[in-house]
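All remarks here apply to the structure that follows.
First the proteins, then the strands, lettered A, B, ... as listed; each starts at 1.
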There are 2 protein chains.
Amino acid sequence: MIHIKEIAKQTKITVRTLRYYDQIGLLTASSKTEGGHRLYSEEDLKKLQQIQFLKGIGYSLKDIEDMLSDPKWNWMISMKSQLVYILEEQERLKSIECSLRELLNGLTVEGGDNYLAIQKLIQLSNQNKKRLLTFRENMFNDKELELWAKLPKMRGEDPNSLEWIALLGQIKRHMKGDPASSRVQNIIRRMIEKQMEDFEDGDEFINKLWDLRKSPSQSEKLGLYPIEKEVLDFMERAYEIHISFLQDSSIEQGGRS
Amino acid sequence: MIHIKEIAKQTKITVRTLRYYDQIGLLTASSKTEGGHRLYSEEDLKKLQQIQFLKGIGYSLKDIEDMLSDPKWNWMISMKSQLVYILEEQERLKSIECSLRELLNGLTVEGGDNYLAIQKLIQLSNQNKKRLLTFRENMFNDKELELWAKLPKMRGEDPNSLEWIALLGQIKRHMKGDPASSRVQNIIRRMIEKQMEDFEDGDEFINKLWDLRKSPSQSEKLGLYPIEKEVLDFMERAYEIHISFLQDSSIEQGGRS
DNA sequence: ACTTGAAAGTGACGTTACGTCATTTTGTAT
DNA sequence: ATACAAAATGACGTAACGTCACTTTCAAGT
């Protein structure tokens, strides 16, 4: 016969919990002292360990009581359905994870210190859930859809998407400066590099996308993160400056050779 | 100004919940009629949608209240830690999934209709958690450890492990019959086929494993599903019969050729 | 036998985010 | 004015205990 504290120590279940299990009739101590102290047997201990295990895999105490009290319980069925439940829960958490990453990436771009950004992002996230795929599928052909998959999505967690997001965030933070500054030009060069790496053969696609980006309403329908017009304008200016630099330097090179 | 029922319809949040949010001060209707009916503004609606979103990604109402009432809340930090929490939860569920698959596969082998099997499996599962890897690593060398990874584990969900488990279960169900019967022999043949497919070059390893299997205590330490001695004996008999058939037929073939 | 401090007992309230009555008031259409 | 829908309030219930307060029992030392 084992005292309640010893049971608690062995199973790491609190004394309070043991008394609670007694109270709800899940595990009654098999005997008591004259004074009313609970005394547990080895069998009680075993049963408790089973309870502990079943609780660990997500069953409620009520379920566990039903299981253990019914000698012809169909374990196969209930465990299969429990597995299904666990799998569903995992999917739910996975989609929460996506939302969170989307928000965090959004915050990275926006600067992350103002409440307005949050509001915008939450609103965006909310409506994204309702939007369907159809619009996107009407807009592009198959080859383009393939390229589409490479686009940085706000929920992306791959280093590729993350770099796009980081670059965009940096552009935003330098918007008050000069588009010809070396910082901005370096960012632009990196973006062009990436664009060529990721979408080598999709020039037409890129142009179409760029046009779309300029229309906020279209962008939203596509589930793209909306880039403000000022940012796009700033990027275009910086882009043109970059191109003109390239031409200048190639002329120089041509002169020398 | 919007009536409570309209808000409920638009957000799919129940009227009761709206009143509750009012009660705890999370979202107070911005005005009321003379009679005390709640009237919500467009801003209230927006705030409610934010609440809904934040609740959806797992925050408690208390947390949400803190967030929304503090204008300089650090969203970045709290969302990162929330992401960490979500990732941990996913791991927890993943390990629950493993336990469940282990149990279900165990039930498949045992026949799944007796409570004793469950008790045994739960006990096994419990002690597996405590057991460490060291014993296994002392027992086999590197090449063998590679093969080890191919062994059917009870928590396996790949078709390969599942077939092993299924075959074992079938053997168990035919144990009262004749080891020379065609059913049993077909199962044995399939097992030998699989054994050759999976462990082509590991004869010594297979033998060592087979010996281990005969020692229940060693098996348990390795985290292998313990196969009862009677089952192993039955399998050995069937195996010998199978071998002798093979020899007979090869003699016949030899005679003809 | 008596004392005493630790351990055990019981009972009650708190927690989360509402659901579900029951009862009373208010709003609105006729 | 009346009738009926919709809203309000209040109270209790849920799951699985934690925490406090107060009382009783156990086991050991004197």
Look at [X] and [N] and indicate whether a side-chain polar atom (N or O) is within less than 4.0 Å of OP1 or OP2.
| X | N | value |
| --- | --- | --- |
| A:Arg38 | C:dA8 | no |
| B:Tyr21 | C:dA17 | no |
| A:Tyr20 | D:dA15 | no |
| B:Arg19 | D:dA8 | yes |
| A:Thr14 | D:dC17 | no |

*asked:* So for atom NE2, which belongs to A:His174, do other residues, nucleotides or ligands contribute more than 12 heavy atoms lying within a distance under 6.0 Å?
replied: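 For A:His174, atom NE2 is crowded (more than 12 foreign heavy atoms under 6.0 Å).
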
Between [atom2] on [N] and [atom1] on [X], what's the gap in Å once rounded to a whole number?
| X | N | atom1 | atom2 | result |
| --- | --- | --- | --- | --- |
| A:Lys55 | D:dA15 | NZ | C1' | 10 Å |
| A:Asp22 | D:dA16 | CG | P | 16 Å |
| A:Lys12 | D:dC17 | NZ | C1' | 19 Å |
| B:Gln23 | D:dG10 | CD | P | 9 Å |
| B:Gln52 | C:dA17 | CD | P | 15 Å |
| B:Arg16 | C:dC21 | CZ | P | 13 Å |
| A:Ile4 | C:dA7 | CD1 | C1' | 10 Å |
| B:Glu34 | C:dT26 | CD | P | 10 Å |

_Both A:Glu6 and B:Lys62 contact DNA chain C. Taking the nearest nucleotide for each, which residue is further toward the 5' end?_
A:Glu6

*So which one's nearest nucleotide on DNA chain C is more toward 5', B:Thr33 or B:Tyr59?*
B:Tyr59

[X] [atom1] to [Y] [atom2] distance, which is reported to the nearest 0.5 Å:
| X | Y | atom1 | atom2 | answer |
| --- | --- | --- | --- | --- |
| B:Gln119 | A:Lys47 | CD | NZ | 11.0 Å |
| B:Met175 | B:Gln170 | CE | CD | 14.5 Å |
| A:Ser30 | A:Arg38 | OG | CZ | 12.0 Å |

*Quick one: are A:Lys62 and A:Leu26 in side-chain contact, heavy atoms under 4.5 Å?*
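SC-SC contact between A:Lys62 and A:Leu26 ruled out.
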
Return the nearest nucleotide to the side chain of [X]; candidates are [options].
| X | options | value |
| --- | --- | --- |
| B:Lys5 | D:dA8, D:dA6, C:dG19 | D:dA6 |
| A:His37 | D:dT9, C:dC18, D:dC26 | D:dC26 |
| A:Leu61 | D:dA16, C:dC18, D:dA8 | D:dA16 |

